[in-house]
Amino acid sequence: MPAPGAVPHASAPGRAPSTGVPAHPGATDPHAAPAGNAPGAVPPGHAAAQRPADTPSTGVPTHPGATDPHHAASAPGTSAPGAPPTAPSAHPAPPAPPLPAGAPAQPAPAQPASAPTAPQGAPSTGVRFDRPAQPEVPAPQPPAQADDYTLQAPDPRAAADAAEVPAQGGGPGSAVCVACRAGRVDDDGYCENCGHAQPRERDHMEQECGPLAAVSDRGLRHHRNEDAFAVGTTTLPDGAPVSVAVVCDGVSSATRPDEASLAASRAANASLLDALPRGTHPQQAMHEAILAASEAVNALADEQPAEAREHAPQQNAPACTIVGAVVTAGLVVVGWVGDSRVYWIPVDRSAPPARLTEDDSWAAQMVAAGLMGEAEAYADHRAHAITGWLGADAYELEPHTAAFKPDRPGVVVVCTDGLWNYAESADEMAEAVPADAAARPLHAARVLVGHALDGGGHDNVTVALVPFPAVPQGAGSA
């Protein structure tokens with residue numbers, strides 16, 4: 001049984017969820033997978049490398065005040081405590097003197113614990129571990145020296161003091177450190193007073209493009225932002241407005257995941273903005289855009305050093321997920337590979353919200369196959385192992401596309417799992433989205449990023465908001 005709120009698999013793109021979003025008739029995907037396949041299923045015998053995953057292309061950076069990149073939590077260790085036993089001494093120590101009468105017995109020395117047992121591995125059929133579980137508490141840091149002190153990094157959402165912090169949010173050439181507000185930032189991006197690393201351009205990015213907007217943030221645990229987005233507007237041949245939003249999430253264990261997500265988002269966005277004005281059907285344009293994104297990511301693998309290509313040309317190749325939405329005056333088209341999502345939220349909340357995509361993940365595969373319930377599958381440590389991604393080491397590219405024809409105004413939420421992990425169901429996402437999101441998409445995107453940061457910010461967070469129906473260019477946020 002499919003997960004509640006999820007649409008049918010992309011093999012039937014014309015079907016809509018039973019939550020007030022009727023399907024667009026006749027809009028089918030000529031490249032969709034055969035009916036009955038679980039999302040992201042891979043034929044037996046084709047095992048892909050198991051890897052754990054996690055910015056925007058043209059966003060306008062604002063002051064993020066992001067946390068110190070050295071604050072990221074370390075992965076839990078797996079080595080057994082204690083050192084190996086040493087050979088007995090040739091001259092054993094004399095026995096301890098007897099204790100006085102009435103003295104408490106001395107406790108025996110503690111024995112080292114046995115090594116922990118490694119968790120059971122994931123299935124060996126096209127599953128790669130995308131996002132390992134993040135520890136709730138960062139790993140303990142070594143004790144500070146007498147002249148050291150701990151500096152609490154500022155909240156990425158904190159508003160910058162315009163008189164002190166430049167538009168780039170701190171960094172090389174900035175007059176004042178965003179952390180201590182006193183020291184000068186040197187050319188290497190560190191404060192000369194407190195030594196705090198300044199936020200990089202991709203730590204926090206925002207862009208407003210006509211009626212739609214997007215925000216991306218590094219989060220509170222990762223040392224860099226490996227998400228990316230691209231947004232744009234254009235017109236169809238008949239002059240009708242159309243909005244485009246693409247969001248990508250880099251696979252953290254891959255090489256250069258931030259470059260992969262950036263290349264994919266830019267390529268897909270450019271493909272859509274080129275095809276739609278020429279009259280290409282939005283669903284076909286979305287399919288072609290995902291293929292273009294895949295080619296852009298694959299090209300990064302060819303840029304590896306010659307020695308690396310000779311020995312393992314596809315090992316640890318750059319990789320990312322992708323999700324996108326095309327919104328016209330009467331149609332919403334979505335496309336994806338991976339586990340980033342699209343949600344539909346009615347403006348007046350008069351109809352139930354809906355999730356418009358289905359994850360390419362181990363958990364979704366188990367639910368679709370009827371082997372587990374949704375709660376049980378997503379509680380499993382393998383839940384976020386992705387079964388579909390863009391990259392040279394992907395077994396087979398299977399773009400999913402679907403078309404919907406909403407019957408009332410609303411907002412389309414395009415996001416990475418850094419957000420939906422804190423608002424997973426459609427109802428939870430609807431509660432997090434501000435009521436005026438369609439009129440103020442940039443404000444709403446900031447609120448949603450703040451929602452994820454308040455929840456823990458364990459991952460990079462990226463969200464794009466697209467009002468439906470599409471409105472003419474120039475009708476931006478109030």
Side-chain angles (χ1 to χ4, degrees), residues 3-8 13-25 27 208-215 229 231-233 236 240-247 272 282-283 286 323-336 340-358 401-416 419-420 423-449 451 462-473 475-478:
V7 299
R15 295 180 58 189
S18 59
T19 52
V21 189
H24 174 62
E208 188 172 26
C209 182
L212 68 157
V215 175
F229 70 78
V231 295
T233 58
L236 299 178
V242 57
S243 299
V244 172
V246 178
V247 168
L272 288 167
Q283 195 166 2
M286 178 62 75
V323 65
V326 174
V327 178
T328 69
L331 185 68
V332 174
V333 169
V334 299
W336 73 98
S340 294
R341 293 180 176 180
V342 178
Y343 292 84
W344 159 255
I345 312 296
V347 166
D348 58 4
R349 308 300 199 267
S350 58
R355 195 178 85 189
L356 306 184
T357 58
E358 187 171 327
T401 63
F404 306 89
K405 191 174 182 181
D407 60 355
R408 66 201 70 208
V411 62
V412 178
V413 180
V414 186
C415 64
T416 62
L419 172 60
W420 66 253
E424 186 169 344
S425 70
D427 289 335
E428 290 172 331
M429 184 63 71
E431 291 178 3
V433 173
D436 61 351
R440 303 175 62 200
L442 180 57
H443 167 75
R446 290 169 174 164
V447 170
L448 290 173
V449 169
H451 177 78
T462 301
V463 58
L465 293 179
V466 189
F468 173 87
V471 295
Q473 292 181 344
S477 299

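Model, not experiment: these values are computed from the prediction. The residues of the chain are indexed from 1 along the displayed sequence.
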Any side-chain heavy-atom pair of Pro406 and Val332 under 4.5 Å:
yes
Determine the minimum heavy-atom distance between Val326 and Pro282, stating which atoms define it.
CG1-CB, 4.0 Å
Among residues at least two apart in sequence or on other chains, which ones pass salt bridge (Lys or Arg N to Asp or Glu O under 4.0 Å) with Asp436?
Arg440
Using every non-hydrogen atom in the two residues, find where Ala325 and Met286 come nearest and quote the distance to one decimal.
N-CE, 3.7 Å
Please find the pair of heavy atoms, one from Gly330 and one from Lys405, that lie closest to each other, and give the distance.
O-CG, 3.1 Å
I need the Glu208 CD to Leu465 CG distance, nearest 0.5 Å.
11.0 Å
Atom pair OG/CG of Ser243 and Leu272 - distance to nearest 0.5 Å
12.0 Å
Minimum-distance pair of heavy atoms, taken over all atoms of Arg408 and Pro346
CD-CB, 4.1 Å
Within the distance-only criterion (no hydrogens, no angle test), does the side chain of Arg341 pair as donor or acceptor with the backbone N or O of Val323 below 3.5 angstrom?
no
I want to check something: taking the side chain as every heavy atom from C-beta on, are Leu442 and Val215 in contact at a cut-off of under 4.5 Å?
yes
Sequence neighbours left out, what passes side-chain contact (heavy atoms from CB on, under 4.5 Å) with Ala464? Give chain and number order.
Ala214, Val231, Ala245, Val247, Val414
Val411 side chain reached by Pro441 side chain, heavy atoms, under 4.5 Å:
no
Please identify each residue that fulfils side-chain contact (heavy atoms from CB on, under 4.5 Å) with Ala240, with sequence neighbours left out.
Leu236, Asp238
Could you tell me which residues satisfy side-chain hydrogen bond (donor to acceptor under 3.5 Å, both in side chains) with Glu431, sequence neighbours excluded, listed by chain and number?
none
Does any non-hydrogen side-chain atom of Val327 lie less than 4.5 Å from one of Leu212?
no
Does some side-chain heavy atom of Met429 sit less than 4.5 Å from a side-chain heavy atom of Pro353?
no
What do the steps show when you test Phe404 against Leu331 for side chain to side chain contact (heavy atoms under 4.5 Å, CB included), and what is the final call?
CA-CA 6 Å; Phe404 306 89; Leu331 185 68; 6.0 Å; no
Tyr343: what forms a ring pair (Phe, Tyr, Trp, His ring centres under 6.0 Å) with it, not counting sequence neighbours?
none
Contact between Trp420 and Val413 at the side-chain level, heavy atoms closer than 4.5 Å - yes or no?
no
From CZ (Phe468) to CD1 (Ile345), nearest 0.5 Å:
14.0 Å
In terms of heavy-atom contacts, Ala430 and Arg349 come closest through O-NH2, 3.1 Å
Nearest non-hydrogen partners of Pro467 and Ala438, listed with the distance
CG-O, 3.5 Å
